[in-house]
Amino acid sequence: MSDFLTKLAAVHRTRVLWIFSLVMVGLANISSAEAQRPNIVIMLSDNLGYGDLGSYGGGILRGAPTPKLDQLAAQGLRLTNFNVEAECTPSRSALMTGRMPIRSGTTRAVPVPGLPVGLAPWEVTIAEMLSEQGYDTAMFGKWHLGYVEDRLPINQGFDEWWGFPFSTDVSWFPDAVGFDPKLFETPRLYEGKKGEGVRQLQPYNKEVRPFIDEMIADRSVKYIQRQAQSDKPFFLYIPWSLVHHPSIAHPDFQGKSGAGKFGDSMMEHDYRVGQVLEAIEQAGIADNTLVIYASDNGPDRAEYPYIGDTGPYRGYLGTVHEGSIRTPMMVRWPGRVPEKRVSNEIVSISDIFPTLASIAGGEVPDDREIDGVDQSDFFLGKQTHSNRESVLFFAGEQLTGVKWRQFKIYMHGEKTGLHERGYNKLWAPEAYNLELDPKEQHNLALQNLWLLAAALKPAFEYVYSVEKYGLILPGGDKPEVFEAEMPMYSPQALELAMTAIKREAIKKMVKDKLTALKNKVVGVQASPDS
């Protein structure tokens with residue numbers, strides 16, 4: 001009997017050790033997976049044009065060399081067909097949510113403070129998604145996605161924030177003739193932490209303006225140094241104030257360029273980006289830090305001729321011509337993103353959310369339309385092509401155009417001149433070959449009506465998605481509008497078209513289900529056990 005009990009105890013110990021080993025292996029795998037999740041740093045410049053950086057044809061040719069940003073461009077992937085939105089707020093909304101701003105009620109730049117507009121708390125941001133994956137999150141700089149408390153960064157997934165919720169041009173306001181602080185409260189800087197609220201700091205005026213990005217850089221560097229000592233990965237979002245007007249560089253950079261006050265601001269911006277990159281290197285975390293740099297839209301015309309350069313394209317902020325919506329973007333992750341790679345594949349700012357979710361093991365919401373696509377394999381060099389070949393463009397709430405491959409098809413017109421602002425209806429769609437005609441001047445639509453098919457497919461898919469998921473109104477909390485308009489289509493014509501599309505969608509769904517059922521039956525019959 002004692003031998004039996006001894007053997008039983010030995011078997012029990014073996015099983016316990018085996019289970020313990022499995023648990024330890026599982027924990028080790030979890031720890032390994034956490035170690036593979038990179039730190040993520042996103043830097044977003046403001047109103048920087050496609051042709052401002054040396055690596056994009058500007059730099060020293062513009063009288064303002066950009067050595068730090070040019071070096072970053074050579075260390076990873078440089079995109080030449082990166083697409084953003086027509087204004088600051090819409091681009092930042094698409095970045096944060098992976099959704100077209102028309103869906104989120106963020107179609108125009110957030111106006112004066114006090115209005116309950118901006119990004120609804122219902123939306124899921126990159127910061128919230130990464131927080132759920134164990135990331136520490138911080139933001140230093142321009143938010144521009146709402147002023148009221150529940151729409152500020154610390155209530156949208158960020159653990160801490162320092163900066164300003166409005167646009168940089170507010171620093172002009174206190175010096176304006178007739179400015180009344182009773183009507184419009186003097187703009188101020190803010191800081192806050194999740195769960196603690198925000199507090200106001202010093203006024204944001206023309207005296208403070210030259211020092212804003214120095215403050216952003218200092219806080220970013222200190223955060224990187226602190227987080228490098230932590231076991232947790234971090235997400236740092238740095239939306240710079242430069243090179244948005246008013247162009248007032250730090251005193252150390254005034255008069256340093258050959259391009260006036262804008263060139264001075266451009267040189268400072270390059271230096272500030274370099275400070276962040278140097279901090280990552282010195283902290284010894286470069287190999288496990290994914291860095292994304294981009295601009296939110298092209299140049300504004302407010303301080304002409306001291307403005308950014310659109311490169312070979314035309315159009316300014318507020319338009320959906322290439323000079324506005326095509327900006328620099330670079331991706332660096334040593335050992336993971338191949339160096340010195342340049343691609344003209346189409347990528348949208350909305351793609352950043354699902355791409356980071358894939359890389360960090362996060363979840364993309366499935367209860368709403370997500371317009372971004374996962375570009376992780378493309379970024380990491382596992383495939384040569386982007387996972388998208390088209391993107392829709394809105395001017396405010398107006399569906400204006402579609403980019404498809406090398407073509408741009410307009411269903412609504414717009415004025416793009418230096419002193420022109422406005423939109424107009426078109427008699428017929430216009431189309432341009434962006435490779436042959438980057439300035440979009442030679443309309444080839446009437447000779448190539450087949451291009452309308454390329455534009456109508458994503459446009460009708462958008463209308464269909466609105467009926468399914470709805471749109472949030474500016475200042476709204478959840479989707480409440482379930483109808484969408486389309487240029488050149490009356491409501492009756494659109495309804496007929498959508499009815500046909502829905503009919504075809506139902507046919508396809510039934511056909512796919514029948515095919516799946518047939519394959520299942522065939523598989524069962526072919527099974528040797530059947």
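All of these numbers come straight from a predicted model, not from anything done at the bench.
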Query raised in the report: Has E483 got more than 12 heavy atoms of other residues, nucleotides or ligands less than 6.0 Å from its CD?
Result: no
Requested in this report: For the residue pair F394 and I102, establish whether any side-chain heavy-atom pair is separated by less than 4.5 Å.
Outcome: yes
Query raised in the report: Side chains of R219 and I238: closer than 4.5 Å at any heavy-atom pair?
Result: no
Query raised in the report: Taking it one step at a time, do T319 and L317 satisfy side chain to side chain contact (heavy atoms under 4.5 Å, CB included)?
Result: CA-CA 6 Å; T319 74; L317 179 149; over 6 Å; no
Query raised in the report: Does a donor on one side chain and an acceptor on the other come within less than 3.5 Å for N297 and S91?
Result: no
Query raised in the report: Distance only, no hydrogens: is a donor on one side chain within 3.5 Å (strictly under) of an acceptor on the other, for T106 and R92?
Result: no
Query raised in the report: So, D264 side chain and A249 main chain: donor-acceptor pair closer than 3.5 Å or not?
Result: no
Query raised in the report: Do S257 and M266 have side-chain heavy atoms sitting under 4.5 Å apart?
Result: no
Query raised in the report: Are the charged groups of R368 and E123 less than 4.0 angstrom apart, N to O?
Result: yes
Query - Test log, rule side chain to side chain donor-acceptor pair (under 3.5 Å), inputs T80 and N344 - result: CA-CA 5 Å; T80 59; N344 196 48; 2.7 Å; yes
Requested in this report: Might you work through the side chain to side chain contact (heavy atoms under 4.5 Å, CB included) test for F393 and N83, ending with a clear yes or no?
Outcome: CA-CA 9 Å; F393 293 105; N83 298 267; 3.5 Å; yes
**Report entry** Side-chain donor-acceptor contact under 3.5 Å, S465 with E369
**Finding:** no
Query - V276 to S220 - nearest heavy-atom pair and separation - result: CG2-CB, 4.2 Å
Query - Side-chain donor-acceptor contact under 3.5 Å, T400 with E414 - result: no
Query - Euclidean distance, R103 CZ relative to L471 CG, rounded to 0.5 Å - result: 7.0 Å
Query raised in the report: Are a donor atom and an acceptor atom from the side chains of N81 and K403 found within less than 3.5 Å of each other?
Result: yes
Query raised in the report: Is a donor on one side and an acceptor on the other found under 3.5 Å between the side chain of E85 and the backbone of E87?
Result: no
Query - Distance (rounded to the nearest 0.5 Å) between T97 OG1 and E128 CD - result: 10.5 Å
Query raised in the report: How long is the span from the CG atom in L53 to the CZ atom in R78, to the nearest 0.5 Å?
Result: 9.5 Å
Pairs of donor and acceptor atoms involving the side chains of residues 304-313, under 3.5 Å and at least two apart or interchain, shall be tabulated with distances.
residue: D309; atom: OD2; partner: G311; partner atom: N; Å: 3.0
residue: T310; atom: OG1; partner: Y313; partner atom: O; Å: 2.6
residue: Y313; atom: OH; partner: R326; partner atom: NH1; Å: 3.0

Query raised in the report: How close do P187 and P174 get, heavy atom to heavy atom, and via which atoms?
Result: CD-CG, 4.2 Å
Report task. For the pair K408 and E322, find out whether any cationic side-chain nitrogen is under 4.0 Å from an anionic carboxylate oxygen. Result -> yes
Query raised in the report: Does any non-hydrogen side-chain atom of I216 lie less than 4.5 Å from one of R272?
Result: no
Query raised in the report: Going by atom types only, do H245 and E303 share a side-chain donor-acceptor pair under 3.5 Å?
Result: no
Query raised in the report: Going by distance alone, is a donor N or O of one side chain under 3.5 Å from an acceptor N or O of the other, for N424 and K415?
Result: no
Report task. Report yes or no: does S343 contribute a side-chain atom to a donor-acceptor pair with the main-chain N or O of L79 at less than 3.5 Å? Result -> no
Query raised in the report: Can you list the residues that meet the side chain to side chain donor-acceptor pair (under 3.5 Å) rule with W427, with sequence neighbours excluded?
Result: none
**Report entry** Matching residue for R388 among D374, D371, D351 - test: salt bridge (charged side-chain N to carboxylate O under 4.0 Å, His left out)
**Finding:** D351
Report task. Can you label the angle between the Y293 ring and the H269 ring as parallel, tilted or perpendicular, going by 30° and 60°? Result -> tilted
Query raised in the report: Looking at CZ of R405 and CD of E345, how far apart are the two atoms once the value is rounded to the nearest 0.5 Å?
Result: 10.5 Å
Requested in this report: Answer yes if the side chains of H321 and Y410 hold a donor-acceptor pair under 3.5 Å, and no otherwise.
Outcome: yes
Query raised in the report: Going through the checks in order, is the side chain to side chain contact (heavy atoms under 4.5 Å, CB included) test met by D296 and V84?
Result: CA-CA 6 Å; D296 65 344; V84 296; 5.9 Å; no
Query - R341 NZ/CZ over F378 ring centroid, <6.0 Å and within 45° of normal - result: yes
Query - Approximate separation, where rounding is to 0.5 Å, of Y237 OH and L44 CG - result: 5.0 Å
Query raised in the report: Has the side chain of N47 got a donor or acceptor atom that lies under 3.5 Å from a matching backbone atom of V243?
Result: no
Report summary line: By salt bridge (charged side-chain N to carboxylate O under 4.0 Å, His left out), R151 pairs with (sequence neighbours left out) D477
**Report entry** Ring centre gap for F173 and F179 strictly below 6.0 Å
**Finding:** no
Query raised in the report: Passes ring pair (Phe, Tyr, Trp, His ring centres under 6.0 Å), H250 versus F211? Steps please.
Result: CA-CA 6 Å; H250 187 281; F211 302 95; 5.2 Å; yes
Query raised in the report: Any idea which heavy atoms bring S386 and V347 closest together, and the distance?
Result: OG-CG2, 4.3 Å
**Report entry** Donor-acceptor under 3.5 Å (D52 side chain, G49 main chain)
**Finding:** yes
Query raised in the report: Is there a donor-acceptor contact under 3.5 Å linking the side chains of S167 and H244?
Result: yes
Query raised in the report: Is the side chain of T89 donor-acceptor paired with the backbone N or O of H144 at a distance under 3.5 Å, no angle test?
Result: yes
Report task. Might you point out which heavy atoms bring K142 and C88 nearest each other, and give the distance in Å? Result -> NZ-SG, 3.4 Å
Query raised in the report: Between F253 and Y271, how do the two ring planes meet: parallel, tilted or perpendicular, split at 30° and 60°?
Result: tilted
Query raised in the report: If you take all heavy atoms of P479 and G470, which pair is closest and at what distance?
Result: CB-C, 3.9 Å
Report task. Could you grab the distance from atom OH of Y190 to atom CH2 of W162, nearest 0.5 Å is fine? Result -> 13.0 Å
Query raised in the report: Hey, is CG on L61 packed in by over 12 heavy atoms from elsewhere, all under 6.0 Å?
Result: yes
Query - Within 45° cone of Y432 ring axis and under 6.0 Å: K439 NZ or CZ - result: no
Query - Working for side chain to side chain contact (heavy atoms under 4.5 Å, CB included), residues E435 and F407 - result: CA-CA 8 Å; E435 292 181 351; F407 298 98; over 6 Å; no
Query - Beyond-backbone contact of W404 with L451, side-chain heavy atoms, under 4.5 angstrom - result: yes
Query raised in the report: Taking the side chain as C-beta and beyond, is there a heavy-atom pair between P328 and S45 under 4.5 Å?
Result: no
Query raised in the report: Would a 4.5 Å heavy-atom cut-off, applied to side chains only, mark F460 and M486 as touching?
Result: yes
Query raised in the report: Do the side chains of V466 and V481 get nearer than 4.5 Å, heavy atoms only?
Result: no
Report task. Could you tell me which non-hydrogen atom of S55 sits nearest to which non-hydrogen atom of M330, and how far apart they are? Result -> OG-CE, 3.9 Å
Requested in this report: Measure the acute angle between the ring planes of H412 and Y423, then classify it against the limits of 30° and 60° as parallel, tilted or perpendicular.
Outcome: tilted
Query raised in the report: Hey, mind stepping through R314 and E440 against salt bridge (Lys or Arg N to Asp or Glu O under 4.0 Å) and telling me if it holds?
Result: CA-CA 8 Å; R314 72 181 175 115; E440 303 170 79; 5.8 Å; no
